[in-house]
Protein chains: 2
Amino acid sequence: MAQQTGAARRAPLTRERVLRTAVARADAAGIGSISMRGLAQELGVVPMALYKHVANKDELLDGMVDLVIEEFDPPADALDWKDEVRERVLSARRAVLRHPWARLAIESRTRRTPAVLGYMDSLAGAFRGGGFSANLTHHVMHALGNRIWGFTPELFDEPADPDAPPPTAAAQEATARQFAERYPHILEIAMAATDGDLSRVGEGCDEQFEFEFALDLLLDGFDRLRAEGWTSRRRP
Amino acid sequence: MAQQTGAARRAPLTRERVLRTAVARADAAGIGSISMRGLAQELGVVPMALYKHVANKDELLDGMVDLVIEEFDPPADALDWKDEVRERVLSARRAVLRHPWARLAIESRTRRTPAVLGYMDSLAGAFRGGGFSANLTHHVMHALGNRIWGFTPELFDEPADPDAPPPTAAAQEATARQFAERYPHILEIAMAATDGDLSRVGEGCDEQFEFEFALDLLLDGFDRLRAEGWTSRRRP
DNA sequence: ACGGTAGGTGTACGGTGTACACCTGTCAAG
DNA sequence: CTTGACAGGTGTACACCGTACACCTACCGT
């Protein structure tokens, strides 16, 4: 009761509160809506106040990504290595899909925070526990690349532009057919992916399937290398 | 001789000239140095003049990426499909390494320009010509992901900070050892990668090797699927 | 000779991140 | 009880950004 004057009117700013607010804002309005000024306003505070809890905007982004990483499921180590890696990566994917901005944020981040390192370390531990040498574990994690975060770049999908008018099926088909002479192979692929119904080309690919396709292809390849005792030793 | 008055003093602005200047600037000073204002100044022109040749900054970036794509080697179709894909992707890698900013630019771009589509189409053509069904070609290109551009994210490497003082070998070793209790598996990997000499940890990974490792792993997996006539048909 | 037009100019607006000096309320030590 | 340090919120200011819009000017084909 000593601090009733100013304390009740505004919850105290906190690094935690700043980051959570930023995540909520990005969830609702996209990563582009994150600005120190806008965030400060949402928190009922002057922009510079944020800098008492976050070094700069880059660190803010890093902190937001860390919050997403905290949502990853903990390892369930009763599993066989392949299932464990698979489960952890797919769990990462689920978290990243919950926060659509995270994909871009992770790609643009370079700092490895303790949360990032912790995740990578535990994933490496899954390989090691499954009989992978440290050497093979190293290369194998490189091969997974960004897939350890649960996403791959969308090579074919149109980036959804919320302001664009919904194109008619006919317009989509017309556009697709324009490719025919110039990009015959892409057309072929589009035909195969839509069962020949080019009006469905706007539906995009089944990202989840593509993700698991590549993931399993890699995991099977890893398994083979592990079984033959593959190593890159003595290579310049 | 009719236009001697103003023509000789300044080469006329051109979309080509704008893009080439931007690429040269990015090569020298990084993608962060690309601003409409700075670019205009370098061209001896007022900022808004650029907009007569380029719709906006996004299109400028797209155009720069297109110039990099133009450096990719043309297909050498005497080759077997695997060698051809391998060669084209590694050629893309060479071009991207020549322009270090391109990696980030490609990742942040979403527009598919004719140059982008043309490259993807011809890569798809290599698979098709090698006996891949359109269906399998589709999934296989998704699996390659950003690797078709010749790069993978650097999971372990420290982003080189040109302003940072060069750390001593002893300092590097001390830093590395701090990880020991917290990140034992990453430490293991670092040990394996440096032959136990942690002072060499700053040298980073052999990106070229890691790239080819993953690429070949995937290509071999693709080959297996092709041989068994794999298809995703009849899958919701 | 003349009107249209492509291309370069100048000004202006609303946004950004953040450096720096300042104030203010809380709390521990004297 | 006083005091003084200090964490945390404030206000102002700067340098930069992309780009909308109106303008001007020099060339061109008619």
Side-chain angles (χ1 to χ4, degrees), chain A residues 1-22 25-26 29-65 101 104-105 108-111 161 163, chain B residues 1-22 25-26 29-65 101 104-105 108-111 161 163:
Chain A
M1 59 180 67
Q3 63 224 32
Q4 75 280 34
T5 48
R9 71 180 53 174
R10 180 79 53 211
L13 218 46
T14 257
R15 182 181 164 91
E16 179 83 5
R17 218 162 78 81
V18 169
L19 293 181
R20 297 230 174 267
T21 307
R25 188 187 183 83
I31 193 72
S33 75
I34 299 297
S35 77
M36 300 302 273
R37 298 171 122 98
L39 192 54
Q41 187 170 21
E42 182 161 341
L43 287 159
V45 113
V46 93
M48 288 312 291
L50 301 181
Y51 287 84
K52 288 282 155 60
H53 301 96
V54 146
N56 50 41
K57 192 178 177 179
D58 267 6
E59 210 206 73
L60 174 77
L61 272 304
D62 285 338
M64 292 172 64
V65 169
W101 49 269
L104 216 88
S108 69
R109 278 340 39 229
T110 58
R111 259 324 284 307
D161 179 355
D163 297 336
Chain B
M1 57 182 68
Q3 63 223 31
Q4 75 280 35
T5 48
R9 72 181 50 175
R10 179 79 54 211
L13 218 46
T14 254
R15 181 180 164 92
E16 179 84 6
R17 220 163 75 82
V18 170
L19 294 180
R20 298 230 176 266
T21 308
R25 188 187 182 83
I31 194 70
S33 75
I34 299 298
S35 76
M36 300 303 273
R37 298 171 122 99
L39 192 55
Q41 189 170 20
E42 182 161 342
L43 286 159
V45 112
V46 92
M48 287 311 291
L50 302 180
Y51 287 85
K52 287 283 154 62
H53 301 95
V54 145
N56 50 42
K57 190 177 180 181
D58 267 4
E59 209 206 73
L60 174 77
L61 272 306
D62 284 338
M64 292 172 64
V65 169
W101 50 270
L104 215 87
S108 69
R109 282 330 47 224
T110 59
R111 262 319 289 306
D161 178 355
D163 298 335

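Quick caveat, the model's predicted, so the values are computed rather than measured. Sequence lines set the chain letters: A, B, ... in the order given, protein chains first and strands last, and positions in each chain run from 1.
- Only Met48(A), Tyr51(A), Asn56(A), Lys57(A), listed by number, bring a heavy atom of residues 47-57 of chain A to less than 4.0 angstrom from any atom of DNA chain C.
- Closest approach of Ala22(B) to Leu60(B), counting heavy atoms only: CB-CD1, 4.2 Å.
- Minimum interatomic distance between Met64(A) and Ala26(A) (heavy atoms only, all atoms of both residues): CE-CB, 3.8 Å.
- When rounded to the nearest whole Å, the span between CG of Leu61(B) and P of dC17(D) equals 14 Å.
- Checked by distance alone, Arg37(A) brings no side-chain donor or acceptor within 3.5 Å of a matching partner on the base of dG15(C).
- In this structure, Gln41(B) places its CD atom 16 Å from C1' of dG8(C), rounding to the nearest Å.
- When the C1' atoms of four end pairs are superposed on the next four at each end of the helix from dA1(C)-dT30(D) to dG30(C)-dC1(D), using five pairs per end, the two resulting axes differ in direction by 10°, to 10°.
- Atom-to-atom, CG of Leu39(B) to C1' of dG18(D) comes out at 13 Å; the value is rounded to the nearest Å.
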List, one per line, each side-chain donor-acceptor pair under 3.5 Å for residues 43-58 of chain B, sequence neighbours excluded.
| from | atom 1 | to | atom 2 | distance (Å) |
| --- | --- | --- | --- | --- |
| His53(B) | NE2 | Leu13(B) | O | 3.4 |
| Asn56(B) | OD1 | Asp58(B) | N | 3.2 |
| Asn56(B) | OD1 | Glu59(B) | N | 3.0 |
| Lys57(B) | NZ | Ile34(B) | O | 3.0 |

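- Among residue pairs with one or both ends in residues 32-47 of chain A, those qualifying as side-chain hydrogen bond (donor to acceptor under 3.5 Å, both in side chains) are Arg25(A)-Glu42(A); sequence neighbours excluded.
- A straight line from CE of Met36(A) to P of dG9(D) spans 13 Å, rounded to a whole angstrom.
- Between the CZ atom of Arg15(A) and the P atom of dA7(D) there is a distance of 17 Å, given to the nearest Å.
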